[in-house]
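Reminder, nothing fancy here: chain letters follow the sequence lines and each chain counts from 1.
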Amino acid sequence: MQANVISARNLSLTFQTNDGPVHALKDVNLDIGKGEFVSFIGPSGCGKTTFLRVAADLEQPTAGEITVNGMSPAEARKSRAYGYVFQAAGLYPWRTIGGNIRLPLEIMGYSKAEQAERVARTLELVDLAGFEKKYPWQLSGGMQQRASIARALAFDADLLLMDEPFGALDEIVRDHLNEQLLKLWARTEKTIAFVTHSIPEAVYLSTKIVVMSPRPGRVTDVIESTLPRERPLEIRDSPEFIAIAHRVREGLRAGHEDV
Amino acid sequence: MQANVISARNLSLTFQTNDGPVHALKDVNLDIGKGEFVSFIGPSGCGKTTFLRVAADLEQPTAGEITVNGMSPAEARKSRAYGYVFQAAGLYPWRTIGGNIRLPLEIMGYSKAEQAERVARTLELVDLAGFEKKYPWQLSGGMQQRASIARALAFDADLLLMDEPFGALDEIVRDHLNEQLLKLWARTEKTIAFVTHSIPEAVYLSTKIVVMSPRPGRVTDVIESTLPRERPLEIRDSPEFIAIAHRVREGLRAGHEDV
Amino acid sequence: QDEVTLQLQWVTQAQFAGYYVALDQGYYEDENLDVTIQPGGPDIAPPQVLAGGGADVMLNWMPSALAARERGVPVVNIAQPFKTSGLMLTCWADAGIETPEDFRGKTIGVWFFGNEYPFLSWMSQLGIPTDGGEDGVTVLRQAFNVDPLLQRQADCISTMTYNEYGQVLDAGVGEDELITFKYEDQGVATLEDGMYVLEENLDDPEFVDRMVRFVRASMKGWKWAEENPEEAAEIVLDNDATGAQTEAHQVRMMTEIAKLTAGSNGALDVADYERTVATLLGGGSDPVITMEPEGAYTLEITDQALD
Amino acid sequence: MRSIVPILTVLAALIAIWYAGAVALNADWARQQAERQDRTLTTSELIVETWNQDRPRLPAPHQVAVELWDTTVEKKITSKRSLVYHGWVTLSVTLAGFGFGAALGIALAVAIVYSRTMDRSVMPWVIASQTIPILAIAPMIIVVLNSIGMQGFIPKAIIATYLSFFPVTVGMVKGLRAPSAMQLDQMKTWNASGLQGFLRLRLPSSMPYLFTSLKIAVAASLVGTIIGELPTGAVAGLGARLLAGSYYGQTVQIWSALFGAAVLAALLILAVGVFERIVTRHMGFGR
Amino acid sequence: MNFAVIFAALMIWFGGWWMNARLARIRGGRGAGALAPILFGVTVLVLWELLVRGLGVPGAILPPPSAIGQAFAANLPTLWADFVQTFVKGALSGYVIGCSVAFAMALAVDRSDFLKRGLLPVGNFMAALPIIGMAPIFVMWFGFGWQSKAAVVAVMCFFPMLVNTVQGLAAADRMQADLMRTYAASPLQTLMKLKLPAAGPFIFNGLKICTTLALIGAIVAEFFGSPTLGMGFRISTQVGRLALDMVWAVILVAALAGSAFYGVVTLLERAATFWHPSQRGR
Ligand SMILES: Nc1ncnc2c1ncn2[C@@H]1O[C@H](COP(=O)(O)OP(=O)(O)OP(=O)(O)O)[C@@H](O)[C@H]1O
Ligand SMILES: Nc1ncnc2c1ncn2[C@@H]1O[C@H](COP(=O)(O)OP(=O)(O)OP(=O)(O)O)[C@@H](O)[C@H]1O
Ligand SMILES: Cc1ncc(C[n+]2csc(CCO)c2C)c(N)n1
Ligand SMILES: [Mg+2]
Ligand SMILES: [Mg+2]
């Protein structure tokens with residue numbers, strides 16, 4: 001068996017707010033193996049973002065354990081083990097697209113030549129070659145999203161944590177980026193943890209789908225995908241796809257009725 | 001034949017910007033009959049919002065003609081002929097949810113008792129009963145969206161202009177609201193113009209689907225739905241549904257390739 | 001050269017001509033002194049500057065200096081170039097004021113900032129309350145210009161013979177429209193523009209020597225200024241950093257100042273001193289000074305300087 | 001450019017009001033003068049009279065304009081009678097005070113943002129410090145500094161600093177706290193050091209706030225300088241001109257000094273604006 | 001001797017700082033929030049007392065805090081009368097006049113694009129004008145009483161308030177304004193239900209700036225002529241008499257009054273614009 005990249009044991013996180021505690025995560029057990037593509041899906045507020053943030057050492061669990069690459073999240077963060085794509089693009093308005101992608105490289109101390117080379121390569125990857133000198137506000141929403149993805153890909157993290165990266169895009173663009181992401185994943189064998197609201201997207205991309213339900217946030221179902229790794233867009237009309245999507249929808253609906 | 005609620009003839013709108021004119025709408029011809037449910041779909045920037053804004057007298061066309069209820073848009077606006085749901089919730093942060101829904105009622109001079117009654121009724125309709133006294137920031141994004149829909153439903157406009165009202169909601173909530181909206185439409189016989197990015201949503205809801213393409217923004221296809229008015233959620237798995245969705249997707253893709 | 005810093009009590013004008021002349025004519029240099037003249041202003045209290053060590057010698061009115069002495073800043077008069085007081089009240093004649101008794105019920109502008117003492121002791125000698133009311137005077141804290149009179153915001157204002165009075169006339173008011181009360185004539189004159197140093201410094205013979213030379217040179221300057229009013233005014237103008245003063249005004253000021261310095265060779269007349277102290281002590285319920293000051297002057301320096 | 005007509009209209013209206021005001025305020029004196037000379041004035045004579053007095057309560061615009069012309073263009077700029085000379089004296093102190101104030105303000109803001117202790121204990125006092133009437137303590141500052149041998153330039157610059165650091169601190173604290181939680185988290189995911197986070201995130205995002213407050217600060221610094229020039233006695237500078245004008249009842253001189261100060265302030269603000277545009281353009285904020 | 005004093009001063013400073021650092025680490029708790037600045041203030045006062053006494057600074061230059069406290073306690077009636085004259089009559093009335101005229105003007109400017117284009121640039125220029133320079137002129141125009149002080153304050157407050165309010169009235173975003181259009185709301189309805197609430201944070205920003213300006217303006221104006229009472233009068237005459245303890249007692253009153261005024265407006269702001277993110281955060 002492969003080594004687990006992320007491994008959570010009885011993980012819980014409770015926020016203390018002025019009107020009482022909020023149980024964002026409750027007894028979550030989850031293993032993500034190397035090279036897996038794991039989607040998280042669930043109603044708003046069920047703790048998807050929180051889980052990613054705990055793995056990234058941006059939030060401290062209140063109980064239970066989690067390891068990233070066998071280390072504590074803090075150590076993993078300090079060894080720059082992951083790239084994180086936030087729910088919104090969050091580009092710095094005072095830097096060009098190139099400058100934004102270069103930012104983590106500067107911080108991590110890559111050489112100038114290496115920086116230039118990597119920026120060019122990742123821009124190519126997300127179809128933004130030629131936009132290096134533009135500022136974020138000169139790009140459409142979708143292009144900004146792609147730049148933000150490029151930024152997380154520029155340095156060599158084997159683990160990608162992506163929080164609804166395609167949230168604000170229309171269906172056609174979204175389909176295109178889904179395909180690109182799958183290709184990248186197939187080529188580089190990265191491990192990807194991916195949050196989404198869209199059932200077809202989750203089914204189309206993942207090797208494993210984690211369905212969550214809220215208050216307290218917990219995992220209600222983990223669905224291993226039986227789809228092949230090679231996935232043309234048309235696969236979405238196959239009966240197998242529809243069956244998985246159905247199971248996800250049922251899991252989701254159960255979560256909603258709980259509330 | 002029914003009277004047309006919205007009727008556009010060779011409608012064009014060109015924005016003058018500092019780097020040249022933007023043709024947001026170009027020679028748009030469209031008729032929306034009384035009691036129809038019309039969806040607008042098309043890539044980002046193709047003029048969907050602009051069309052709704054012209055109908056609402058929030059933007060002036062540069063050429064062509066448009067009538068609303070047989071009047072000019074300005075007259076229609078002054079006779080409070082329509083309710084408008086904006087792309088973002090746009091609640092006033094200094095008013096409670098109840099206060100926000102009451103706002104148009106106050107302006108239109110409803111009596112206090114009538115106001116209270118209507119606020120309660122529409123809150124019920126969008127499943128927000130009990131949240132009347134909360135402020136917008138105390139609600140999740142989806143709840144805010146619903147409050148904004150309630151605000152447009154509170155007064156008796158026969159025409160509803162809705163700009164991606166369900167944009168920020170997850171699939172389950174969205175399905176639920178789709179059902180509710182259909183019910184409301186069936187009961188009240190309102191005319192609804194509805195912008196969306198989601199193909200299934202457009203197909204599921206509409207009697208007519210308007211596919212648009214950008215630069216210049218124009219109507220590339222108008223698809224009359226053959227689905228019955230009574231639509232359970234399962235209808236989405238019917239071959240008829242899938243066929244219409246396919247035609248919409250093709251139209252959309254064509255629009256994307258143009259660019 | 002020995003350094004001396006002189007703190008004036010007002011902005012550069014012919015009132016201080018003697019010092020500027022001494023500087024300009026090289027009298028200080030002749031005494032081997034390097035003198036810095038610091039102009040004052042409406043919010044600079046010279047005794048405070050002296051106490052803080054910002055100057056060696058200051059010019060001040062005696063009431064203010066004696067009050068400072070009581071307040072714990074022991075200043076000592078070392079020379080008194082001004083014999084006569086130039087302070088007066090200037091009133092509109094048509095306000096119905098003929099004698100000081102008529103002040104009752106009138107509004108009078110007074111300079112504060114230590115300059116209110118002569119007025120207050122005069123009023124208390126006359127038994128006129130200064131807190132408004134039917135038979136008291138209403139006191140305004142007047143800024144250092146003559147507008148309150150011209151705008152008829154006050155019936156009387158404080159003026160100096162050599163400065164503000166001239167400004168009133170310059171504004172186009174006839175002398176016959178005004179009535180003036182000189183403190184000198186009312187028997188309540190107090191000494192103005194004396195030179196003061198800190199008491200503790202006088203223990204130092206070197207300091208005393210410097211002051212002797214300073215006073216000697218300054219008095220030489222004063223006598224030259226009295227004799228050459230126009231040139232003295234010119235010298236003052238050259239030293240005015242604001243460039244706001246006019247020649248005519250300064251020449252007239254110099255002429256009037258010469259009348260005040262005329263009777264003095266620089267030495268303090270003890271009789272004048274005692275008259276001043278008596279006036280201040282007679283200040284009724286709220287006297288300016290509460291007891292006879294001791295050691296508030298010394299003749300030692302002028303004695304050495306003038307022999 | 002579309003604004004030119006409205007601005008000119010407003011200016012014209014202001015000047016008209018000004019002339020009317022001059023008539024209203026100066027008429028009394030004009031009548032008194034006429035009485036003294038046994039003349040009677042017709043209305044038009046009265047009006048002309050009120051616009052050409054030596055010591056008007058309100059000088060007419062053209063009187064101020066003439067005075068400004070005389071004291072700037074007609075005089076050598078090294079002359080003490082030249083407003084340019086006095087303007088320069090004030091300007092140099094203003095710039096120094098502004099420099100110190102901006103530096104102090106920024107330093108304080110950084111300390112406040114990075115240290116809870118500073119934030120908690122100092123910030124309320126920073127606000128309280130601004131409620132102290134500076135003009136009241138300005139003479140004391142001058143005397144105290146004089147007693148330790150500092151005169152002229154530095155005390156005035158300190159007062160200017162005192163007034164100008166506050167807006168910078170407030171604006172800069174706001175600016176340094178402007179990065180969103182997401183942007184800060186982003187830095188964390190890259191394991192950026194404190195210095196990197198400051199230079200690459202906090203500092204750039206504070207720029208718009210900084211420049212807004214610098215504009216306020218430069219005007220405040222000018223006010224501080226003028227306040228510092230008032231009690232030191234009429235030595236030099238626009239404040240001294242103001243004061244001297246006030247002693248000798250020369251209202252025209254007061255007004256021209258005021259205008260000189262306003263022009264100076266406008267130029268300084270403009271200069272900060274130009275600098276802002278350069279920096280933000282360079283940073284890509286422009287649009 | 002001096003060395004010992006300075007050493008002791010340093011020790012006290014670090015002691016106070018250390019305590020504050022400890023305090024700051026205790027999270028939350030309203031008590032701790034107020035304690036830190038008080039501790040800081042006390043540290044400064046102790047230092048001041050120590051240095052003034054230890055280094056023998058003359059009372060005519062800088063009195064120790066204890067002397068200031070005594071002067072304060074001994075002169076309460078005088079200080080109260082001065083406070084009423086300067087703060088209540090001069091500053092407050094000027095504040096109310098200046099702010100309300102500016103507010104009314106802003107409403108007019110907001111209705112007219114012409115005025116907005118013309119008046120705002122001129123207004124910005126006038127706002128840069130060092131208004132204190134107008135103080136002698138206003139004393140000449142409006143007399144020695146509180147009226148001239150109120151006039152100075154009113155003019156000082158006018159432009160910051162105008163600029164902020166105009167900015168605020170334009171602050172409603174496009175969608176919020178469009179919503180009003182879809183309801184065919186009248187201009188008055190739009191003003192009352194949209195523009196004013198949205199302008200709240202800006203209006204309060206102007207009001208806050210003006211609180212500090214008001215007190216400063218009133219005191220400064222008294223330097224150019226006043227009746228025989230008022231805070232500016234007191235400061236100026238007592239400096240002339242070298243009664244520095246009394247001067248500082250007046251400054252203390254000014255600081256207390258100014259901070260309280262600021263605090264009251266801040267509380268009002270919190271109540272009126274509770275919905276704004278800056279009031280909710282942290
Ligand atoms: N900083 C916080 N303080 C208090 N409660 C929080 C905080 N962050 C998140 N929560 C609460 O924790 C729960 C989980 O939030 P989380 O952001 O993980 O949801 P999510 O699944 O990502 O939802 P979405 O789909 O809307 O992004 C929610 O109820 C939320 O209100
Ligand atoms: N006020 C404006 N000024 C200039 N251009 C505008 C303006 N409003 C819209 N546009 C342009 O007009 C075109 C149509 O915009 P519109 O908002 O109608 O698009 P849309 O179809 O609603 O897109 P989306 O799906 O992103 O909401 C776009 O190219 C847009 O950039
Ligand atoms: C600080 C201070 N200001 C004013 C005076 C009073 N005074 C003395 S001379 C003079 C000028 C007359 O032109 C005035 C007003 C003073 N003694 N000290
Ligand atoms: Mg989330
Ligand atoms: Mg749109």
Side-chain angles (χ1 to χ4, degrees), chain C residues 9 41-54 60-61 63-75 107-117 119-120 130-132 136-154 157 198 200 288-289, chain E residues 52 55-64 67 71 77-78 81-82 85-86 90 132-149 152 219-248 250:
Chain C
Q9 59 168 336
D43 301 310
I44 296 290
Q48 203 186 14
V49 177
L50 212 59
N60 210 351
W61 288 3
S64 154
L66 293 182
R69 211 181 146 76
E70 272 207 3
R71 274 271 169 195
V73 181
V75 293
T107 302
I108 298 184
V110 177
W111 292 323
F112 276 76
F113 208 78
N115 307 301
E116 66 275 30
Y117 297 128
F119 175 80
L120 293 179
T130 54
D131 50 3
V137 294
T138 302
V139 176
L140 291 183
R141 173 174 169 273
Q142 128 192 18
F144 297 93
N145 67 34
V146 299
D147 287 321
L149 188 75
L150 298 180
Q151 312 293 345
R152 289 190 178 263
Q153 291 166 324
I157 60 165
L198 282 181
E200 64 206 35
V288 177
I289 49 176
Chain E
V52 166
L55 302 179
V57 177
I61 298 285
L62 186 67
T78 313
D82 290 345
Q85 168 75 13
T86 304
I132 41 155
M134 306 272 305
I137 294 167
F138 281 162
V139 171
M140 182 161 97
W141 289 356
F142 299 109
F144 280 68
W146 58 268
Q147 293 86 346
S148 57
K149 283 75 202 172
V152 172
I219 290 178
V220 167
E222 284 182 1
F223 274 62
F224 294 91
S226 66
T228 53
L229 81 169
M231 291 158 76
F233 166 81
R234 195 68 55 200
I235 290 174
S236 148
T237 49
Q238 298 299 338
V239 169
R241 295 178 175 186
L242 300 188
L244 271 281
D245 48 355
M246 186 60 180
V247 171
W248 281 95
V250 179

Exercise. Do Val146(C) and Ile157(C) touch side chain to side chain, with heavy atoms closer than 4.5 Å?
Worked result: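 Heavy-atom side-chain distance check passes, below 4.5 Å.
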Heavy-atom distance under 4.5 Å to chain C: side chain of [X], backbone, both or neither?
X: Leu229(E); value: neither
X: Glu222(E); value: backbone
X: Val57(E); value: neither

Problem set entry | Distance-only side-chain donor-acceptor flag, Thr107(C) / Gln153(C), under 3.5 Å | no
Exercise. Between Thr86(E) and Arg234(E), do the side chains contain an N or O donor and an N or O acceptor separated by less than 3.5 Å?
Worked result: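 Thr86(E) vs Arg234(E): no donor-acceptor pair found between side chains.
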Problem set entry | Under 4.5 Å from a heavy atom of chain E, the part of Val139(C) involved | both
For this session: Give the ring-plane orientation class for Trp61(C) versus Trp111(C), where under 30° counts as parallel, over 60° as perpendicular and anything between as tilted.
Result: tilted
Problem set entry | Among the listed options Gln48(C), Gln151(C), Glu116(C), the residue most often paired with chain E at heavy-atom distances under 4.5 Å |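 Ranked by contacts with chain E, first place is Gln48(C).
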Exercise. Does Lys149(E) reach the main-chain N or O of Phe144(E) with its side chain, forming a donor-acceptor pair under 3.5 Å?
Worked result: yes
